[in-house]
Structures are given as structure tokens and as C-alpha cells.
Undergrad: 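The structure's right below; bear with me while I get my questions together.
Just so we're clear, the structure is a prediction, and the values are computed from it rather than from any experiment.
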Amino acid sequence: MDEMAEELPGSGSLDRRAELSEFLRTRRARLKPEDVGLPDFGRHRRVPGLRREELSQLAGVSVAYYTRLEQGNGRNVSAEVLDSIARALRLTDAEHAHLTHLAKPKEHRKRTTARTEQVRPAVRHLLDSIEVPAYVSGRRSDIVAWNRMAAAVFGDWAELPAKERNWARLIFLRPEYQELFVPWEQKASDVVSYLRMDAGCHPDDPRLSALVGELSVKSEEFRRLWAMHDVKEKSYGTKHLRHPLVGELTLHWESFPLSDGTEQLLITYHAEPGSPSADALRLLASWGADATRAGESARS
């Protein structure tokens, strides 16, 4: 159940300067003057959102300085200036971190971007002992390990080719996952936002670049969402599913970073005690592997 995704073709990287430029431009475009206490001159405005001059004034930096930054030149920019721009743009914590990654990149050993991820044996044992759906998510939203309950809810990933065990591939390229998540559009947006966050941290990752390129060619919806430059960190939330065997499920999910330097996350799903969803999970647990096979038959 825990083989790793194989190496994707391609050796390119994402253009950090272009990423920085587009991220700042899209964040500026979403703000209206009235959002930040500035007068709106209505039909006299020729650009969506704030002008560079207005953003510069709010951030307390010169127009020339901000213009250079928005053009992708983050060289020598200070953390204090980035903080001021983040406040002026009203960035979330995740967006602020993404801006910092793009403007002040950290050095990464390139060999780590192509290395196959491993899951520690203790983590695998933990997965097997958990009675709720649980899996380990790695870089690029790869699914690197999972337990029997996760297979019963989300499908038996062991039957997929190794490189297909990736949330972005599943969500945008496999129709059954468009039926599983309700609404599918929210799950799709989340997956792209997580990939964007990963891209800011690891722009030189050739496998991530290849994945983005492939999905951009094969999915119009992925292209649209990727162009929005939204970013998000995995934390916790609620997902609504339409399972082919047990019907509607409302599950709460939590993410737990593994403190071993791998950037992997343990993701768990659970239902409210005594709820119909809890009863449905118990039913799926009693069916075991048969639930997965029956689910695939129901979808076909």
C-alpha cells in the first residue's frame, strides 16, 4: 500500500521571477480602493484593484522600489519591507510565507527534489493501527502511504500505477473523483493552492514542474486555477463526499506534520460520533477490501 510515486519526466523548473511578479499582481488586483480606505474614482480607473502607486503608499515604500519587486526583482529586499507589503495587500499567513519564499529563496540541495520519498516503518505501523481513514501526503501532493480505511473511502490506490497516486492527478484526470467530492470545485481549488505553496518552496523541483506542465495541457480547469496564484497550507477542515456504496459522508480532517524533516503530513478523517457518517464508516470497515472493489464496480 505504500509504494512511492515514480519519477516524472522533465527537468525544468518554475520561473521564480515570473511567479513573484504574477503573485503580487494578482494580490493587488483583488483589492478595491474602498477595502483599504482610499477613494474610488469609478470609471476613471483603468486597472482592476489598486494601482501600484496606491499600494506603494500603503506599504510605505517608493513606487520605483515596489515596481521593481512586482517585476520579479526581489534581490536585497528586506523582511521588514515584505512585511509592510504583506500588510498592505492583506495577505493571509500562507500568502505571506509564499511571498517570502519567492522573494527571498532558501538554498536547497537539488538532489532532494528528485529523491524518492520514503515513509518510516513506525509511521506505517501507526497507519495500520488507526481505525479511521488516514494517509501520508508528501511533496507535490503525492500519496505515499495509507491504511485500509482510506482505501475503503477514497479507492484502492494500490491498484493504480505508482505515479498516479497524486491528489492533483486524481482530482483533475480521473472522473470518479469528480463524483466523490461535493463540491468537487472546492477540492480542486484546495489541491492547486497546496501545489502553489509547494512550488514557492521548491521552484527547482523538476517533478513538480513536469506535473504542472502535464496538468496544464490536460485540464482546462487546472490551468484556470493555477493562473489565480492562490496559496494555502494544509491544516484542518470538513469534507463532504458522495461515496458509491454508503452515500453521503461528512468527515472532519486534520493534518499533522511528521517531525522528521520530510515535509510529509499525516492526514486523518473522522465523523461526528453517533452521526450517519460514523455509521457509514463502521459499515465500510466491516466490508474491508470488499468495499473498495464493490465501490469501483459501482462507479463503472
Undergrad: For H229, which residues count as a side chain to side chain contact (heavy atoms under 4.5 Å, CB included) partner, sequence neighbours excluded?
TA: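 Listed in chain order: E19, E22, F23, T26, R27, R196.
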Undergrad: Which heavy-atom pair separates S219 from F222 by the least distance, and what is that distance?
TA: OG-N, 3.0 Å
Undergrad: Are E214 and R169 close enough for a salt bridge, meaning some N to O gap below 4.0 Å?
TA: yes
Undergrad: Please confirm whether the backbone N or O of A271 pairs with a side-chain atom of S277, one donor and one acceptor, at under 3.5 Å?
TA: no
Undergrad: Decide yes or no on salt bridge (charged side-chain N to carboxylate O under 4.0 Å, His left out) for E70 and R28, but give the supporting numbers first.
TA: CA-CA 10 Å; E70 193 172 293; R28 180 168 57 84; 2.7 Å; yes
Undergrad: Can you name the residues that form a side chain to side chain contact (heavy atoms under 4.5 Å, CB included) with E254, not counting sequence neighbours?
TA: Y236, F256, T268
Undergrad: Could you tell me which non-hydrogen atom of A278 sits nearest to which non-hydrogen atom of E272, and how far apart they are?
TA: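 Looks like CB-O, 3.4 Å.
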Undergrad: Between D142 and R207, does at least one N-O distance fall below 4.0 Å, as a salt bridge requires?
TA: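 Looking at D142 and R207, the cut-off is met.
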Undergrad: Side chain of S209, backbone of P206: donor and acceptor closer than 3.5 Å?
TA: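 Not a single qualifying donor-acceptor pair exists.
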Undergrad: Please confirm whether the backbone N or O of R51 pairs with a side-chain atom of E54, one donor and one acceptor, at under 3.5 Å?
TA: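 Indeed, once roles are kept as given, a pair shorter than 3.5 Å links the two residues.
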Undergrad: For the residue pair P105 and L102, what are the closest heavy atoms and their distance?
TA: CD-O, 4.0 Å
Undergrad: Tell me every residue that passes side chain to side chain contact (heavy atoms under 4.5 Å, CB included) with S21, counting only those two or more places apart in sequence or in another chain.
TA: none
Undergrad: Tell me whether the centres of the aromatic rings in W167 and F154 are closer together than 6.0 Å.
TA: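 Centroid distance W167-F154: below 6.0 Å, so yes.
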Undergrad: Test side chain to side chain contact (heavy atoms under 4.5 Å, CB included) on L160 and R174 and set out the steps.
TA: CA-CA 11 Å; L160 297 178; R174 300 185 71 89; 3.5 Å; yes
Undergrad: From L241 CG over to E179 CD, what is the distance, rounded to the nearest 0.5 angstrom?
TA: 13.0 Å
Undergrad: Quick check: closest heavy atoms across Q178 and F172, and the distance to 0.1 Å?
TA: NE2-O, 4.1 Å
Undergrad: Linking I/L/V/M/F/W/Y whenever their side-chain heavy atoms sit closer than 4.5 Å, directly or via other members, would M228 and L215 fall into one cluster?
TA: yes
Undergrad: Of the options L281, T238, V132, which is the one that meets L251 in a side-chain contact (heavy atoms from CB on, under 4.5 Å)?
TA: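 By the side-chain contact (heavy atoms from CB on, under 4.5 Å) criterion, L251 pairs with just one of L281, T238, V132: L281.
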Undergrad: K239 and D190: salt bridge (charged side-chain N to carboxylate O under 4.0 Å, His left out), yes or no, with the steps?
TA: CA-CA 11 Å; K239 281 287 182 283; D190 288 344; 3.2 Å; yes
Undergrad: Salt-bridge test for D198 and K234: reply yes if a basic N is under 4.0 Å from a carboxylate O, no otherwise.
TA: no
Undergrad: Find the distance between NE2 (H202) and CG (L14) and round it off to the nearest 0.5 Å.
TA: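 So the gap between those two atoms works out to 12.0 Å.
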Undergrad: Is it the case that the side chain of S193 and the backbone of S189 share a donor-acceptor pair, with hydrogens and angles ignored and the cut-off at 3.5 Å?
TA: yes
Undergrad: Supply the atom-to-atom distance T100 OG1 to E95 CD, rounded to the nearest 0.5 angstrom.
TA: 12.0 Å
Undergrad: When you measure from the side chain of R16 to the backbone of D204, do you find a donor-acceptor pair of N or O atoms at a distance under 3.5 Å?
TA: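 The answer is no, because no donor-acceptor pair under 3.5 Å joins these two groups.
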Undergrad: Hey, are E248 and H243 close enough side-chain-wise for a donor-acceptor pair under 3.5 Å?
TA: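 No - no donor-acceptor pair under 3.5 Å links their side chains.
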Undergrad: Test your reading of the model: is there a side-chain donor-acceptor pair from E117 to the backbone of S137, 3.5 Å cut-off?
TA: no
Undergrad: Could you tell me which residues satisfy side chain to side chain donor-acceptor pair (under 3.5 Å) with K32, sequence neighbours excluded, listed by chain and number?
TA: none
Undergrad: Nearest 0.5 Å please: distance from the CG atom of L265 over to the OH atom of Y135.
TA: 9.0 Å
Undergrad: Within the side chain of T262, is there an N or O that forms a donor-acceptor pair under 3.5 Å with the backbone of L258?
TA: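 It does not hold such a pair.
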Undergrad: Between CG of L58 and OH of Y66, what distance do you get to the nearest 0.5 Å?
TA: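 So the CG of L58 and the OH of Y66 are separated by 10.5 Å.
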Undergrad: What's the verdict on side-chain hydrogen bond (donor to acceptor under 3.5 Å, both in side chains) for H240 and Q186, showing C-alpha distance, side-chain angles and the deciding distance?
TA: CA-CA 10 Å; H240 302 284; Q186 183 58 58; over 6 Å; no
Undergrad: Check for a donor-acceptor pair, side chain of R165 on one end and backbone N or O of W157 on the other, with a separation under 3.5 Å.
TA: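 It does hold such a pair.
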Undergrad: Give the C-alpha distance, both sets of side-chain angles, the deciding distance and a yes or no for side chain to side chain contact (heavy atoms under 4.5 Å, CB included) between R52 and L55.
TA: CA-CA 5 Å; R52 286 176 177 172; L55 195 283; 5.7 Å; no
Undergrad: For the backbone of L180 and the side chain of R242, can you confirm whether one donor and one acceptor N or O come within less than 3.5 Å of each other?
TA: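 Answer holds: no.
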Undergrad: Tell me every residue that passes ring-ring contact (aromatic ring centres under 6.0 Å, His included) with H252, counting only those two or more places apart in sequence or in another chain.
TA: H270
Undergrad: Of all residues at least two apart in sequence or in a different chain, which pass the side chain to side chain donor-acceptor pair (under 3.5 Å) check with E53?
TA: none
Undergrad: Restricting to non-hydrogen atoms, name the atom on N76 and the atom on Y65 that form the minimum distance, rounded to 0.1 Å.
TA: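 Shortest heavy-atom separation between N76 and Y65 comes out as O-OH, 4.2 Å.
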Undergrad: To the nearest 0.5 angstrom, please state how far the CD1 atom of I171 sits from the OH atom of Y177.
TA: 8.0 Å
Undergrad: Quick one: closest heavy-atom pair of Q264 and Q118, and the distance?
TA: NE2-O, 3.0 Å
Undergrad: Is a salt bridge present between R140 and D205, judged by a nitrogen-to-oxygen distance below 4.0 Å?
TA: yes
